[in-house]
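What follows is a set of notes on a single structure, which appears directly below.
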Amino acid sequence: QMQLVESGGGLVQAGGSLRLSCAASGRYFSISTMAWYRQAPGKQRDLVATITGGGTTTYADSVKGRFTISRDNAKNTVYLQMNILKPEDTAVYYCSNPRSGSWGQGTQVTVSS
């Protein structure tokens with residue numbers, strides 16, 4: 001199991017930016033694939049982005065070109081830089097380690113129009 005704690009959510013106007021952070025515990029963080037998911041009210045939880053231990057990234061089509069996932073293995077932290085935010089990006093954002101099935105508690109992102 002990996003303990004995950006997200007931070008950085010908040011209220012922002014459309015077109016603005018936020019950076020989410022996910023602090024992880026666990027000795028295998030540096031070699032673990034990490035992921036960000038999001039869940040809007042009444043909708044399923046969707047994958048937003050992933051990053052492997054080697055730094056290879058993938059993105060959902062809806063966020064490509066606007067969001068960037070990155071990691072700092074020295075700090076056991078993964079980030080999600082979100083730019084050009086849209087109202088449809090409003091959701092609770094979750095950090096996850098897919099291999100262990102670990103999830104953070106989530107952080108709310110609200111984008112006003």
Side-chain angles (χ1 to χ4, degrees):
Q1 280 285 356
M2 186 178 285
Q3 304 297 318
L4 303 171
V5 180
E6 302 99 334
S7 61
L11 173 64
V12 64
Q13 288 188 331
S17 299
L18 283 174
R19 188 176 82 154
L20 305 183
S21 299
C22 173
S25 67
R27 59 193 297 178
Y28 299 112
F29 174 82
S30 64
I31 61 172
S32 296
T33 293
M34 300 297 295
W36 284 99
Y37 285 76
R38 67 185 180 186
Q39 187 167 20
K43 295 189 176 181
Q44 67 181 21
R45 192 172 295 188
D46 292 327
L47 180 63
V48 175
T50 66
I51 185 167
T52 68
T56 300
T57 59
T58 65
Y59 296 93
D61 287 342
S62 59
V63 306
K64 278 180 182 176
R66 299 188 298 122
F67 290 12
T68 302
I69 189 171
S70 62
R71 65 193 300 158
D72 184 338
N73 289 335
K75 296 182 178 179
N76 270 26
T77 301
V78 62
Y79 303 99
L80 186 68
Q81 178 67 43
M82 306 185 295
N83 298 328
I84 317 175
L85 282 160
K86 304 175 181 180
E88 51 263 45
D89 294 318
T90 294
V92 178
Y93 284 71
Y94 297 90
C95 179
S96 173
N97 173 237
R99 184 183 178 104
S100 68
S102 301
W103 293 88
Q105 82 287 353
T107 186
Q108 176 71 46
V109 172
T110 302
V111 184
S112 63
S113 56

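Keep in mind that what you see is a predicted model, and the values were worked out from it rather than measured.
Linking ILVMFWY side-chain heavy atoms closer than 4.5 Å, directly or via other members, places Leu18 and Val48 in a single hydrophobic cluster.
In this structure, OG1 on Thr68 lies 11.0 Å from CE on Met82, to the nearest 0.5 angstrom. Here the straight-line distance linking atom CD1 of Ile31 with atom CG of Asn73 works out to 10.0 Å at 0.5 Å rounding. In this structure, OG1 on Thr110 lies 10.5 Å from CG on Leu85, to the nearest 0.5 angstrom. Here Leu20 contributes atom CG and Phe67 contributes atom CZ; the two are 8.0 Å apart, rounded to the nearest 0.5 Å. One finds the CD atom of Gln44 at 11.0 Å from the OH atom of Tyr37 (value rounded to the nearest 0.5 Å). Between the OG1 atom of Thr90 and the CD atom of Gln108 there is a distance of 7.0 Å, given to the nearest 0.5 Å.
Only one option out of Val92, Leu80, Thr107, Val63 pairs with Arg38 in a side-chain contact (heavy atoms from CB on, under 4.5 Å); it is Val63. Applying the side-chain contact (heavy atoms from CB on, under 4.5 Å) test between Trp103 and each of Ser96, Pro98, Cys95 identifies Ser96 as the sole match.
No donor-acceptor distance shorter than 3.5 angstrom exists from the side chain of Gln39 to the backbone of Ala91, with no hydrogens or angles considered. Proximity of a side-chain donor or acceptor of Glu6 to a complementary backbone N or O of Gln105 within less than 3.5 Å is detected. For Asp72 (side chain) and Thr77 (main-chain N/O), no donor-acceptor pair under 3.5 Å exists by modelled atom type.
Listed by first and then second residue, the side-chain hydrogen bond (donor to acceptor under 3.5 Å, both in side chains) pairs involving residues 14-35 are Ser17-Asn83 (not counting sequence neighbours).
With sequence neighbours left out, the side-chain hydrogen bond (donor to acceptor under 3.5 Å, both in side chains) criterion links Arg66 to Asp89.
Side-chain contact between Trp36 and Val78: present, with at least one pair of heavy atoms (C-beta onward) separated by less than 4.5 Å.
Around CD of Gln13, the count of heavy atoms belonging to other residues, nucleotides or ligands within 6.0 Å does not exceed 12.
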